[in-house]
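Read the structure below first, then the notes.
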Amino acid sequence: MMTEVRVPTLGESVTEATVATWFKKPGDSVAQDEMLCELETDKVTVEVPAPVAGTLSEIVAQEGQTVGVDALLAQISAGGEATANDGGGDDPSTPIDAGSADVKLRSEGGAESTDSGAAGGKSLDVMVPTLGESVTEATVSTWFKKVGEPFDADEMLCELETDKVSVEVPAPAAGVLTELLANEGDTVEAGGKLAVMSTDAKASASEVTGVPDTTTKPEAQAKDNDTGSGRTDIEDAPSAKKLMAEHGLSSGDVTGTGKDGRVMKEDVQKAIQGGAKPAAAAAPAPAKTSAPASADQADREERVKMTRLRQTIARRLKESQNTAAMLTTYNEVDMTEVMALRNEYKDLFLKKHGVKLGFMSFFTKACVHALNEVPEVNAEIDGTDVVYKNYVNMGIAAGTPTGLVVPVIKDADAMSFAAIEKAIAEKGAKARDGKLSMEEMQGGTFTISNGGVYGSLMSSPILNPPQSGILGMHKIQDRPMAINGEVVIRPMMYLALSYDHRIVDGKGAVTFLVRVKEALEDPRRLLMDL
């Protein structure tokens, strides 16, 4: 049976790559996930793993050849898997001594194993998992286990921070940590080694590293977890422990919703938002003061390292200002008709679709309508080309405890009001819980940012590159307006469109904003495509 090896997804706006190096040649045996070749794009280097174990039977794309996404690279025939038991097949170029120690095999759990023969256990390399499309490195944020400490399979060992999301690394098997290769604060690459573990849970730190055994006994762990509420046998989620430590909370301050009352990360976030106070015994974290500072100010300053997410937000926003010819145009919209329509149908809408009818679906529909008339606002610049998108992937900016994220609703132009509201609710919940995947934040063509939920009356949003337009919504406020010669009170909202003046002219930007205003002031226009 033949299995095709194809070019993987290379990243947003990247359509081709060059075959840089082949690590295997025809006739070589390969194990599943073993690296076959390396591709080079104009942004990153991509390694292509073997999808199955077998023998590399044919190389279709040679070194130096340019290939597109999903192009055929090679073919693998089944039956030639290299393992410690079969000696690596019949290929004389890759001999493997089945009786020797230190034969490495990549396991399905993202680790490499070495049959050490020591203490009857196997040594496993804990690897950096796949971090997401176009993400090549991460920072080790927190180690939940220390050398010599035992753990169960799938128990969280550490947490990594990337530019966009946090990634928890589970244990590939039950065992004990024998060596840390990357400490907290270290930067690691995708596929790199984090630590070495032994599957022999009886092994101690003194046996494997020559240092005193620091393994915490279960009884001691139970006492450490006991907060006076009877929870002596419940282990809280590692991410929850970290968050509680950062905010000076204990398990007794948080209501756990996990199994047997286990405290989860979202439980801590809810407690923080609800104003939970730290236990009296919780000591404040030591403050790192900046210099120079006078003696009376030093103890009132704190220096905290920016998270990778915050660094990325800062970098991308500044790049946007430096790259795009950004300009903002403003208008205002009378929300009377939208509010009346929403109030009239919100109960029926909720009953039928199981989701509340909000304003975002109206604004999304109005923007889609306007983008159809002014397509350059939905376009982007790629070198010397303008790429027009014949679809709308709507980014909805959302503030989270860790920073601003922009989940993307794919093909919003083909969705109903109900589908849009459901997608916004789902993506918003994931954003608040920090569970958005990389894929859910990529591919946007236009963005809506609602600063009104925080009380903003007017602002100038910054473009989300490489997009060419972003609409800023603001607070709905009753204001006196002149209507048909009379002064009446109307619920008004200021709208702001920031756009890239390199491809969007002032006429197009103003036309776009006027079409959004017209669609919202008379929602029937959306139904008739006017």
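Numbers here are sequence positions counted from 1.
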Would you tabulate the side-chain donor-acceptor contacts of residues 411-424 under 3.5 Å, counting partners in other chains and residues two or more places apart, or write 'none'?
residue	atom	partner	partner atom	Å
Asp413	OD1	Val392	N	3.4
Ser416	OG	Ala419	N	3.2
Glu421	OE2	Gly358	N	2.9
Glu421	OE2	Ser361	N	3.4
Glu421	OE2	Ser361	OG	2.6

Can you tell me if [X] uses its side chain to pair, donor with acceptor, with the backbone of [Y] under 3.5 Å?
X      : Y      : result
Ser468 : Ala379 : yes
Asp385 : Ile381 : no
His501 : Val504 : yes
Asp500 : Met326 : no
Asn393 : Gly443 : yes
Glu373 : Ala370 : no

What are the two closest non-hydrogen atoms of [X] and [Y], and how far apart are they?
X      : Y      : answer
Tyr388 : Pro375 : CD2-O, 4.0 Å
Lys25  : Ile59  : CA-CD1, 4.3 Å
Met197 : Val126 : CG-CG2, 4.0 Å
Met441 : Val405 : SD-CB, 4.0 Å
Glu149 : Phe151 : O-CD2, 3.4 Å
Ala171 : Asp152 : CB-O, 3.6 Å

Problem - Asn322, CG: over 12 other non-hydrogen atoms inside 6.0 angstrom - result: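 Enclosed.
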
Handout entry: Atom CD of Glu189: over 12 foreign heavy atoms under 6.0 Å
Key =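 No, CD of Glu189 has 12 or fewer neighbouring heavy atoms, counting only those of other groups under 6.0 Å.
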
Could you give the distance from [atom1] ([X]) to [atom2] ([Y]), rounded to the nearest 0.5 Å?
X      : Y      : atom1 : atom2 : value
Gln32  : Ile76  : CD    : CD1   : 9.5 Å
Leu471 : Ile448 : CG    : CD1   : 6.0 Å
Arg502 : Leu327 : CZ    : CG    : 13.5 Å
Lys145 : Cys158 : NZ    : SG    : 12.5 Å
Met394 : Asn378 : CE    : CG    : 7.5 Å
Thr447 : Ile396 : OG1   : CD1   : 8.0 Å

Practice task
Could you tell me which residues satisfy side-chain contact (heavy atoms from CB on, under 4.5 Å) with Ala74, sequence neighbours excluded, listed by chain and number?
Solution key: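 So Ala74 forms a side-chain contact (heavy atoms from CB on, under 4.5 Å) with Val5, Trp22, Leu56.
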
Exercise for the section: Would you indicate whether the side-chain heavy atoms of Asp382 and Pro466 approach each other to under 4.5 Å? Expected result: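 A side-chain contact is absent here, since even the closest heavy-atom pair is not under 4.5 Å.
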
Problem - Donor + acceptor pair across side chains of Thr445, Gln467 (<3.5 Å) - result: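 There is no such pair between these side chains.
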
Problem - From CA spacing to verdict: side chain to side chain contact (heavy atoms under 4.5 Å, CB included), Asp28, Thr55 - result: CA-CA 6 Å; Asp28 284 357; Thr55 300; over 6 Å; no

Handout entry: Electrostatic pair Lys410:Glu440 at N-O distance under 4.0 angstrom
Key =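 Salt bridge between Lys410 and Glu440, a charged N being under 4.0 Å from a carboxylate O: no.
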
Practice task
Measure centre to centre between the rings of Tyr499 and Phe446, then say whether the value is under 6.0 Å.
Solution key: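 No.
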
